[in-house]
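In what follows, a single structure is set out as structure tokens and then discussed.
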Amino acid sequence: LPGFYGAVKPGGGQAKLCPAPGATAGASPARGLCEGKVTAPMASPRAGNVPPGVDPEAFSWFQTVDVDHSGFISVKELKQALVNNNWSSFNDETCLLMINMFDKTRSGRIDVYGFSALLRFIQQWRSLFQQYDRDQSGSISFSELQQAFSQMGYNLSPQFSQLLLARYAQRSPSPSIQLDRFIHICMQLQSLTDAFREKDTALVGNVRLSYEDFLTTVVTRML
């Protein structure tokens, strides 16, 4: 059915750099890139040390985030380097999803090349997030989430959007989605949609699955 499956993927947008409140030279390692905010000063990369094909700015960030100087970024290090617009840390699930996406060696860590690609990925999602955050509040409300799904090509009910808010938004009178959860939701939604599309060869919007087929889809696409 036209518009049944989502097709929009993140694209465009560059993160802006700015120091955190009170940040000074020699401050502790990075504490956040989100909504264009970098919360610690970055050292300029030394000439000749930037690997070929890696953006110098990404290499500088890699050196800052790689706290243990192992040459790799772990989930813990990534989490310490990313914050939402409200200065809350990125959640563990989203960090793990992103690490796994760019971990070519299946080691649970990413090298400088994976990190450079990850930065571009986050910048692109940030740009899309800002596009759907129409009131510029720094988070996605119910109506903005519903409109975002529609513009992405998903034909989803308001009840489903409410379910996502109940699952992923912080408890408040007006629940909303921060960037980390927005990335998480969209990644999972796209992955499950791809799995569903493989079964729905007639593109009618429904399939018949055995119990084990259902569990296999969940395990391979979500866990």
Side-chain angles (χ1 to χ4, degrees), residues 1-16 32-37 78-79 82-102 118-200 203-207 214 217-218 220-223:
L1 298 178
F4 183 83
Y5 295 115
V8 173
K9 295 186 178 180
Q14 293 294 322
K16 299 177 182 178
L33 165 63
C34 180
E35 294 304 307
K37 295 185 178 68
L78 184 63
K79 178 180 173 65
L82 297 173
V83 295
N84 290 300
N85 187 66
N86 64 356
W87 300 101
S88 63
S89 297
F90 265 43
N91 69 85
D92 294 334
E93 293 172 301
T94 303
C95 290
L96 180 59
L97 278 174
M98 294 191 298
I99 286 285
N100 288 340
M101 175 177 287
F102 295 98
L118 174 60
L119 279 188
R120 292 194 299 270
F121 176 82
I122 293 174
Q123 289 167 353
Q124 290 167 354
W125 275 114
R126 181 189 64 84
S127 177
L128 197 62
F129 180 87
Q130 291 177 330
Q131 175 184 333
Y132 294 132
D133 178 20
R134 301 189 183 282
D135 62 2
Q136 301 299 303
S137 65
S139 62
I140 300 292
S141 65
F142 164 74
S143 60
E144 290 170 337
L145 184 64
Q146 187 70 15
Q147 191 169 15
F149 286 154
S150 177
Q151 292 186 6
M152 288 179 185
Y154 293 110
N155 184 19
L156 301 172
S157 69
Q159 290 77 14
F160 183 76
S161 296
Q162 288 283 15
L163 177 65
L164 291 176
L165 281 174
R167 170 65 177 84
Y168 292 108
Q170 294 181 342
R171 294 181 181 274
S172 74
S174 301
S176 59
I177 299 293
Q178 294 291 326
L179 176 60
D180 59 340
R181 290 302 191 181
F182 180 74
I183 293 174
H184 186 181
I185 289 170
C186 291
M187 288 175 65
Q188 294 284 38
L189 189 58
Q190 184 62 56
S191 180
L192 289 172
T193 298
D194 290 343
F196 187 90
R197 185 187 287 115
E198 292 174 2
K199 304 290 185 180
D200 184 20
L203 299 180
V204 296
N206 60 75
V207 297
F214 168 74
T217 298
V218 172
T220 56
R221 297 286 181 163
M222 292 191 68
L223 303 183

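This one's a predicted model, so the numbers in the text were calculated from it and none came from an experiment.
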When you measure from the side chain of [X] to the backbone of [Y], do you find a donor-acceptor pair of N or O atoms at a distance under 3.5 Å?
X	Y	value
Asp133	Gly138	yes
Asn84	Trp87	no
Ser176	Ser139	no
Asp194	Glu198	no

How about Leu128 and Met152: do any of their side-chain heavy atoms sit closer than 4.5 Å?
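Heavy-atom side-chain distance check passes, below 4.5 Å.
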Side chains of Phe149 and Leu164, heavy atoms from C-beta outward: is any pair under 4.5 Å?
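Side-chain contact under 4.5 Å: yes.
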Steps toward side-chain contact (heavy atoms from CB on, under 4.5 Å) verdict (Leu82, Asp180):
CA-CA 9 Å; Leu82 297 173; Asp180 59 340; over 6 Å; no
To the nearest 0.5 Å, how far apart are [atom1] in [X] and [atom2] in [Y]?
X	Y	atom1	atom2	value
Leu179	Asn85	CG	CG	9.0 Å
Ile183	Leu97	CD1	CG	10.0 Å
Phe142	Ile140	CZ	CD1	13.0 Å
Ser191	Phe196	OG	CZ	14.0 Å
Leu119	Arg126	CG	CZ	11.5 Å
Leu165	Ser174	CG	OG	10.5 Å

Please evaluate residues Arg197 and Thr193 with respect to the criterion side-chain contact (heavy atoms from CB on, under 4.5 Å), reporting the C-alpha separation (whole Å), side-chain torsions for both, the decisive distance (0.1 Å), and the verdict.
CA-CA 6 Å; Arg197 185 187 287 115; Thr193 298; 4.0 Å; yes
Parallel, tilted or perpendicular: which describes the rings of Phe121 and Phe102, with under 30° parallel and over 60° perpendicular?
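Perpendicular, since the angle between the ring planes exceeds 60°.
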Please report the shortest heavy-atom distance between [X] and [Y], naming the atom on each side.
X	Y	answer
Gln131	Arg134	O-NH1, 3.8 Å
Lys79	Phe90	NZ-O, 2.8 Å
Thr94	Arg181	OG1-N, 4.5 Å
Phe182	Ile177	N-CG2, 3.4 Å

With a 6.0 Å cut-off (strictly less than), is the heavy-atom count around CD of Glu93, excluding the residue itself, greater than 12?
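Result for CD/Glu93: enclosed.
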Can a side-chain donor-acceptor contact be found between Gln124 and Arg120 if the only test is distance below 3.5 angstrom?
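No - no donor-acceptor pair under 3.5 Å links their side chains.
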Testing Gln146, Glu144, Gln147 one by one against Ser161 for a side chain to side chain donor-acceptor pair (under 3.5 Å), which residue passes?
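By the side chain to side chain donor-acceptor pair (under 3.5 Å) criterion, Ser161 pairs with just one of Gln146, Glu144, Gln147: Gln146.
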Might you work through the side-chain contact (heavy atoms from CB on, under 4.5 Å) test for Gln170 and Asn86, ending with a clear yes or no?
CA-CA 12 Å; Gln170 294 181 342; Asn86 64 356; 4.1 Å; yes
Steps toward side-chain contact (heavy atoms from CB on, under 4.5 Å) verdict (Phe214, Thr217):
CA-CA 5 Å; Phe214 168 74; Thr217 298; 5.7 Å; no
